[in-house]
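Everything on this sheet refers to the single structure shown next.
Numbers restart at 1 for each chain; the letters A, B, ... are given by sequence-line order, proteins then strands. Only heavy atoms go into these numbers, but all of them, side chains included; no hydrogens, no water, no symmetry mates.
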Protein chains: 2
Amino acid sequence: MPSTLGYALLGLLARRPQTGYELAQSMRIPVGYFWSASHSQIYPELSRLEADSLVRSRVVPGPGPRDTKLYTISAAGRRALAAWVVMPAALEQSRSEELLKTYSLWLGDPVGAREMISGLRDRHHEMLSRYERIAAEIERGGPLDPATPRFFDYATLRRGLSFERHAIAWCDWLLDTLS
Amino acid sequence: MPSTLGYALLGLLARRPQTGYELAQSMRIPVGYFWSASHSQIYPELSRLEADSLVRSRVVPGPGPRDTKLYTISAAGRRALAAWVVMPAALEQSRSEELLKTYSLWLGDPVGAREMISGLRDRHHEMLSRYERIAAEIERGGPLDPATPRFFDYATLRRGLSFERHAIAWCDWLLDTLS
DNA sequence: ATATACATGTAACAAGTTACATGATTTA
DNA sequence: TAAATCATGTAACTTGTTACATGTATAT
């Protein structure tokens, strides 16, 4: 049984065949906006997926100095992924360092505390702008059919937008209340 | 320098002295609603904090069969925590298995997909109810002074409330659009 | 000349989860 | 009498991050 990262990779490969390098690039913007990984995690995981026959690879000459391995999802991989997505998701206790800091913020000096929160606000705003640009791009592509991958790109993006908006609203409320 | 978990423990101990066991209980509802840990992580971390003189412990006879160690935050611990909370929080790429599943949901069968999302909705709703009960309890305690730990309990709880409400709204939108 | 992109991998470390280990007291 | 609570710890394992390693082609 693949790890969660394995399913992330299968999800990317179910859309189109990619090399390990491309997958690592793809995941710099997190898959579904909520799952990232670095190349050092990805390469070994691809080997495991291949050992389990969930993906196949073939060596193709790339533009770079090295040959690249192009990975393709197998029928078994597609089945495994389709079964996984409909299984109830594990209850997640989302860890958040910013909330943990907030929990002890009564100890910090008031000026520094305000700056910390307003820095948070800025970063959330930056993320929101990025998401809004992507959303505009998706929406330019015409009507969304809820049976296509593109619709689910949009669905996960909406969650990102919502997440950032409520984070900003919370920062604003806190800054307001603290003053 | 303590780990993030170390700061979570310092945050709890800054409010009142507690034993390792009590800290483990406290963290079953995540600190600030967004940071949890199990006892097997907590005990070694307390030893490290004590080695760094950020906390002190004294053995007291407990109700159980074993002596318990009561931990108290030191002045140095308080300083370290106060410095940490105002430092800019690391940009977090919140991982979410449910969003990762959503990303590949176009592959799953439509009935199972709906059930998965509606199961999500249920669980978020349960969390929301729990948070609302806690909020009511805090609000019953009278006006909130933004210089007290209690205010920051409330502040982090508000983020939890907002998080669950947005998650539910998103599930509703998705269920609606999929049908 | 220097940096960036290409391209894949391993090693060392940090963080987090699950299971193992012990054993008295209270509650159902 | 069986289960839950109290109470602290270690061991094994999984996951994730940062650093190490190599070396060409292209753009500035």
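Every residue two or more places apart in sequence or in another chain that forms a side chain to side chain contact (heavy atoms under 4.5 Å, CB included) with B/A24 is listed here: B/H39, B/I42. The side chain to side chain contact (heavy atoms under 4.5 Å, CB included) search around A/P30 returns A/S36, not counting sequence neighbours. Considering only residues two or more places apart in sequence or on other chains, B/D52 meets the salt bridge (charged side-chain N to carboxylate O under 4.0 Å, His left out) condition with none of them.
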Please produce a list of atom pairs where a protein N or O lies less than 3.5 Å from an N or O of nucleotides 13-16 of chain C.
| residue | atom | partner | partner atom | Å |
| --- | --- | --- | --- | --- |
| C/dG16 | OP2 | B/Q41 | NE2 | 2.8 |
| C/dG16 | O5' | B/Q41 | NE2 | 3.4 |
| C/dG16 | O3' | A/R95 | NH2 | 3.3 |

What nitrogen or oxygen pairs link the protein and nucleotides 20-22 of chain C at under 3.5 Å?
| residue | atom | partner | partner atom | Å |
| --- | --- | --- | --- | --- |
| C/dT22 | O2 | B/R66 | NH2 | 2.6 |

Table please: side-chain donor-acceptor pairs of residues 138-151 of chain A below 3.5 Å, with sequence neighbours left out.
| residue | atom | partner | partner atom | Å |
| --- | --- | --- | --- | --- |
| A/E139 | OE2 | A/Y154 | OH | 2.9 |
| A/D145 | OD1 | A/A147 | N | 3.1 |
| A/T148 | OG1 | A/D145 | O | 2.6 |
| A/T148 | OG1 | A/F151 | N | 3.3 |
| A/R150 | NH1 | A/P143 | O | 3.4 |
| A/R150 | NH2 | A/I138 | O | 3.0 |
| A/R150 | NH2 | A/G141 | O | 3.2 |
| A/R150 | NH2 | A/G142 | O | 2.8 |

Cut-off 3.5 Å, no hydrogens considered: what does the side-chain donor-acceptor table look like for residues 76-89 of chain B, sequence neighbours left out?
none

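Note on residues 152-168 of chain A: pairs passing salt bridge (charged side-chain N to carboxylate O under 4.0 Å, His left out), not counting sequence neighbours, are A/R15-A/D153, A/E132-A/R165, A/R159-B/E98. Listed by first then second residue, pairs satisfying ring-ring contact (aromatic ring centres under 6.0 Å, His included) with a partner in residues 127-149 of chain A read A/Y33-A/Y131, not counting sequence neighbours. Applying the side chain to side chain donor-acceptor pair (under 3.5 Å) test to residues at least two apart or on different chains, the pairs with a partner in residues 106-121 of chain A are A/R121-A/D172.
Rounded to whole Å, atom P of C/dT8 lies 9 Å from atom CG of A/L46. Separating the CD1 atom of A/I42 from the P atom of C/dA7 is a distance of 15 Å, rounded to the nearest angstrom. The CG-P distance, from A/D67 to D/dA25, rounds to 13 Å in whole Å.
Checking A/A37 against B/Y43, the closest nucleotide of DNA chain D that is more toward the 5' end is the one next to B/Y43.
Side-chain proximity of B/K69 to the nucleotides D/dT8, C/dT18, C/dG9 is greatest for D/dT8.
Five base pairs at each end of the helix from C/dA1-D/dT28 to C/dA28-D/dT1 define two local axes, and these are offset by 40° (rounded to 10°).
Taken residue by residue, residues 14-32 of chain A places no heavy atom nearer than 4.0 Å to DNA chain D.
In this structure, B/L46 and B/G20 approach most closely via the heavy-atom pair CD1-CA, 3.8 Å.
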